[in-house]
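As a basis for the values below, the full set of heavy atoms in this structure was taken, side chains included, without hydrogen atoms, waters or symmetry mates. Start at 1 with the first residue, then count along the sequence. Predicted model only: the values in this text are computed from it and were never measured.
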Amino acid sequence: MESESESSSPPVAAGEGQSMEKKNNGSSSTSIPSMELVADAKSNYTAYEDKFFNTIQQELKSTREYPAATVGVGLAAALFLLPGPRRFLFRHTLGRLRSEEAKFVKAEKNVKELSLSVDVMKNESRKLLERAALAEKDMKYGHTELTNAGNHIQRLAKSVYKVETQAADLMDGLRETPGREALRLRAEASRALSSFFF
């Protein structure tokens, strides 16, 4: 009887027997189940990848076999995906089903949005004009300041030229004058001129 009950039990697969032994063992490392999970994930990934690329290949083959249908589907997709044709189709199909009141409300809303955007543009252009006026004013002020500085530099150059000519006349006069006093005055004049120009 005992032999019959042992023989009537279902056979255990080799992989299941090993996993049962590992479960019973308890102290075996957890790296083997994680390796099995990685292997399962990898096989699942390759299966899905193959399925994905096979589907793409089949679709490409069907587009080659039926070019008229492909063109029709492409045009239909363009009509629904591009905003211009989609808007046109909506206006001439579902747009006709809307009531006059709904159309009026939408038109009124569009007018309000347009007037709001026009007001925003007016404010921005006014601000830009104010900034341009301030920039022009600053530019004119800078130009007048630059002109004044140039005039001041020209006056200084004229006065320096006058001082140079007077100093040259003085030095010539001191060179012609003999004596110790003239020598001392020439030395003072040359020191003054060197300190003035440098």
How long is the gap from OH on Tyr45 to CZ on Phe52, to the nearest 0.5 Å?
10.0 Å

Counting heavy atoms not belonging to Lys106, are there more than 12 under 6.0 Å from its NZ?
no

Rounded to the nearest 0.5 angstrom, the CG-CG distance for Asn123 and Leu128 is 11.0 Å

Taking it one step at a time, do Val111 and Glu108 satisfy side chain to side chain contact (heavy atoms under 4.5 Å, CB included)?
CA-CA 5 Å; Val111 167; Glu108 193 173 50; 5.7 Å; no

Rounded distance (nearest 0.5 Å) linking atom CG of Leu116 with atom CE of Met121
12.0 Å

Does any non-hydrogen side-chain atom of Asn54 lie less than 4.5 Å from one of Gln57?
yes

Going by heavy atoms in the side chains, are Lys158 and Arg155 under 4.5 Å from each other?
no

As an exercise, state the distance from CG of Leu156 to CG of Asn151, rounded to the nearest 0.5 Å.
11.0 Å

Check salt bridge (charged side-chain N to carboxylate O under 4.0 Å, His left out) between Glu145 and all other residues, then give those that pass, not counting sequence neighbours.
none

Taking C-beta and beyond as the side chain, do Lys109 and Glu113 meet within less than 4.5 Å on heavy atoms?
yes

Is the shortest side-chain heavy-atom distance between Arg87 and Pro83 below 4.5 Å?
yes

To the closest 0.5 Å, what do you measure between CG (Leu129) and CG (Leu134)?
11.0 Å

Pairs under 3.5 angstrom only: tabulate donor-acceptor contacts from the side chains of residues 60-77 to other protein residues two or more places apart or in another chain.
| from | atom 1 | to | atom 2 | distance (Å) |
| --- | --- | --- | --- | --- |
| Ser62 | OG | Glu59 | O | 2.8 |
| Thr63 | OG1 | Glu59 | O | 3.4 |
| Thr63 | OG1 | Leu60 | O | 2.6 |
| Thr70 | OG1 | Thr63 | O | 3.4 |
| Thr70 | OG1 | Tyr66 | O | 2.9 |

What's the separation between atom CD in Glu49 and atom NZ in Lys42, rounded to the nearest 0.5 Å?
11.0 Å

Where Pro85 and Ala78 come nearest, the two heavy atoms and their spacing:
CG-O, 4.4 Å

